[in-house]
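This report refers to the structure that appears directly beneath it.
A, B, ... follow the sequence lines: proteins, then strands. Residue 1 opens every chain.
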Protein chains: 2
Amino acid sequence: MATLSDVARRAGVSPATASRVINGSSKPVTDELRERVLRAVAELQYVPNAHAQLLARAHRTAVGVIVHDVSDPYFAEITRGLQRVAGDRGLLLTICNSYRDPDRELEYVELLRGQQVAAIILAGSGYHDATFTRLLNEKLAAYEATGGRVAVIGRHEHSGDAVMPDNRTGGRLVGRELCELGHRTIGVVAGPQVLTTTTDRLAGLREALAEHGRSLPGHRVRYAEFDRDGGVAATAALLDAEPELTAVVALNDSMAIGALALLRSRSVAVPREVSVIGFDDMPIARDVTPALTTVRLPLVEMGARAMSLALDPAVPQPRTELVAAELVRRDSTGPAPQLMPVRPRAGGPAGPTAARPPRASDPDRPSRPTARPPAP
Amino acid sequence: MATLSDVARRAGVSPATASRVINGSSKPVTDELRERVLRAVAELQYVPNAHAQLLARAHRTAVGVIVHDVSDPYFAEITRGLQRVAGDRGLLLTICNSYRDPDRELEYVELLRGQQVAAIILAGSGYHDATFTRLLNEKLAAYEATGGRVAVIGRHEHSGDAVMPDNRTGGRLVGRELCELGHRTIGVVAGPQVLTTTTDRLAGLREALAEHGRSLPGHRVRYAEFDRDGGVAATAALLDAEPELTAVVALNDSMAIGALALLRSRSVAVPREVSVIGFDDMPIARDVTPALTTVRLPLVEMGARAMSLALDPAVPQPRTELVAAELVRRDSTGPAPQLMPVRPRAGGPAGPTAARPPRASDPDRPSRPTARPPAP
DNA sequence: GCCCGCAGGGAAAAGGCTTTCACTGCGGTA
DNA sequence: TACCGCAGTGAAAGCCTTTTCCCTGCGGGC
């Protein structure tokens, strides 16, 4: 590997001059020498050793983010926002996947510290785990004590700058929507119980249901992984135990897609028999059938704001930016079916469809009801 | 930021001893001193400076990958495979998004070289661009000349180790399937024309059609971005120009999802009126409606194999691993409609559906026809 | 009682770069 | 003419680790 000295030697100058030419120092260099150095660089295909540079230079040139999994669209979107702001400021973004393993998260904080990053962003739900939280805060505090900056997205535990999606209000929106559509027996397909995102969303949902005089008994909440297969499993369990359900709330869109898949496989019509509602508004939500009603979080913007927070000069008291959630009505929700049971059909009009079980999509239903039934 | 000297001073030992304790050197250290050092480390929350370590140590400890965009499921899957193998060997993976910008790709090669990575993986389609290819190969050669290892996924341009998805055969599978289903007028929703992935898949498709005595005139191929919105745009253009189309081939699944969305918005029944077929078999393909018929590429495995290739000791002659593509039949393809036009319905039986346009999902069609009509 | 070998520890070099400081001419001012 | 200042360059001091090499005792074999 060619080094700066090699370049300098070949150009017949000192390393100092070579360095000055290569990274456009403010010190002037004669065109003659500059030319020689540049030629040597090209001939040797010289690339500066980034680690040596980092060691020699004072200022940090990278930032790090710890997410659960970048390939999860939720984090992919957030990362896009982070990336944009970091890129604008000429900083490199190192992405670390914790795969929801608290220990790995801790390790990654150390690793990023070791990399001398200018800032660490923690994206994704926190855990209900006092020991872990304390450990994490200690590590973050140590990092901040040496000038490191920290921002979190959607985590309560850290006392510094934060971008907080309003999961609770999002949950309320879901609850209100379903109540107004007349749903009374609502099941929840929830992510891991240890995640604050799960409990926050659930708490909001519960509040809204309570306001409408409904309850959400524990047996109608099923916890599983926050992904498609978790959604399948939890929905299956829910449906088996509570056949009279008219709505399924999934606590994120991936789970909702799993719920949709399971319902389709069981030939349950959505939304005629069961409504499904998701959370996050991932890009794919509009492309599943029926298009998913969900709660939108401006994920890219959340990422961008978190990075800005982390990169702007520190202020004495921590800033928290609450990000509003917004209900997006699509085709997977509809009015609750009448109390008369729909499955075993009560001898409807004979026709080609009579012998078939009801199917996933209901062609009779326009893509969006223009008038909605009044809340009961 | 605490340094090793700080630790050593606090423990009352030399930096050498502190270093030995901290990274378990083979040199023995008294328990007494070891204890003191460890305590100092804990008290100072010392984390070694990764860059200084890299500089001092001989061996490389990271690998890099350049993808078009990790948040694209195609690359997310590949990256997962890369990550797995790298992780198993205790190497860190640095991910770079080129966003399909050749210049940025070039820059990233330099950057990764500067980071002293042990290997560079180039994932994703190459370009039909001789200048760029030459430049890239020069940079890669320079990197390899200094002991760097390179592996590519799905790129012809590089002469070294490669994992090559059999895009051409995949294209043939698509063509054969559609021909056997009786389709004659087939449109293609293609990715950017400069990408070899696009042209390879297209070439295979053309071959298969030719073998069945059909042709694919240029005006039935529309090029757009390799994403959902590209799929929407290209499909719209295609449909407007070629209303008699009975099948749409999308050259990747994202575009296929866009095609599905556009067809749905135009109330064209899939697959009754138009069949849609994708490519890649991204996880979401099974969850759209109708579930997408597509060509499966074992993406995770491709990533894993590429990383193994790059990390195994170099061999004199480059290895190329061809990865087989496989057709996955789902619900978005079906027999070509009869030549009698289907849209303007020929006065079918009166009923509640008569006044409505045909809709995206056809409840009359079982999820998979058990017997397929013979090819004409 | 001597010397050898080794356990245990420290000094210092190396790794590649940036940057401060010092040095050399030169043009310009007093 | 003597000096000041500055443009242009190089020497060298870091930056933080790792690791080689060397030194000091000490125990054991003869």
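- One atom, CG of B:Leu54, and another, P of C:dC17, lie 14 Å apart when rounded to the nearest Å.
- Contacts of A:Ser19 with the nucleic acid, taken as non-hydrogen atoms under 4.0 Å apart, include base atoms.
- A heavy-atom distance below 4.0 Å to DNA chain D is reached by these residues of residues 33-43 of chain A, ordered by number: A:Leu33.
- Distance CD1 (B:Ile22) to P (D:dT17): 8 Å, rounded to an integer number of Å.
- Nucleotide D:dC16 holds its P atom 10 Å from the OH atom of B:Tyr46, rounded to whole Å.
- Per the geometry, CD belonging to A:Gln53 stands 18 Å off P belonging to C:dG15, to the nearest Å.
- In summary, the aromatic rings of B:His68 and B:Tyr99 are positioned with their centroids too far apart to meet the 6.0 Å limit.
- Shown for residues 2-17 of chain A: residues whose heavy atoms fall under 4.0 angstrom of DNA chain C, namely A:Thr3, A:Leu4, A:Ala16.
- Formation of a donor-acceptor pair under 3.5 Å by the A:Thr94 side chain with backbone atoms of A:Gly64 is not found in this model.
- In this structure, the CG atom of A:Asp31 is 12 Å from the C1' atom of D:dG8, given to the nearest Å.
- Under 4.0 Å is where a charged nitrogen must lie from a carboxylate oxygen, and between B:Arg149 and B:Asp312 no such pair does.
- Rounded to whole Å, the distance from CD on A:Glu32 to C1' on D:dT9 is 13 Å.
- Annotation: side chain of A:Val323 is not in contact with side chain of A:Glu301 (no heavy-atom distance under 4.5 Å).
- For the pair A:Leu4 and A:Tyr46, the minimum side-chain heavy-atom distance is below 4.5 Å.
- For D:dT17, neither phosphate oxygen OP1 nor OP2 lies less than 4.0 angstrom from any side-chain nitrogen or oxygen of B:Asn23.
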With side chain to side chain donor-acceptor pair (under 3.5 Å) as the test, would you mind laying out the steps for B:Ser125 and B:Arg155 before giving the verdict?
CA-CA 6 Å; B:Ser125 179; B:Arg155 304 183 78 131; over 6 Å; no

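- Out of C:dC17, C:dG8, C:dG15, the shortest distance to the side chain of B:Leu55 is found at C:dG15.
- The closest donor-acceptor contact from the side chain of B:Asp161 to the backbone of B:Val152 lies at 3.5 Å or more, if one exists at all.
- Between the side chain of A:Ser14 and the backbone N or O of A:Thr17 there is at least one donor-acceptor pair closer than 3.5 Å.
- With DNA chain D read from its 5' end, the first of the two nearest nucleotides for B:Ala52 and B:Arg20 is the one closest to B:Ala52.
- Nearest to the side chain of A:Ala56, among D:dT18, C:dG16, D:dG8, sits C:dG16.
- A sub-4.0 Å separation between OP1 or OP2 of C:dG15 and a side-chain N or O of A:Asn49 is absent.
- When the C1' atom of D:dT18 is taken as reference, atom NE2 of B:His59 falls 11 Å away, rounded to whole Å.
- The backbone N or O of A:Arg100 sits less than 3.5 Å from a side-chain atom of A:Ser98, completing a donor-acceptor pair.
- The CZ-P distance, from A:Arg57 to D:dC16, rounds to 16 Å in whole Å.
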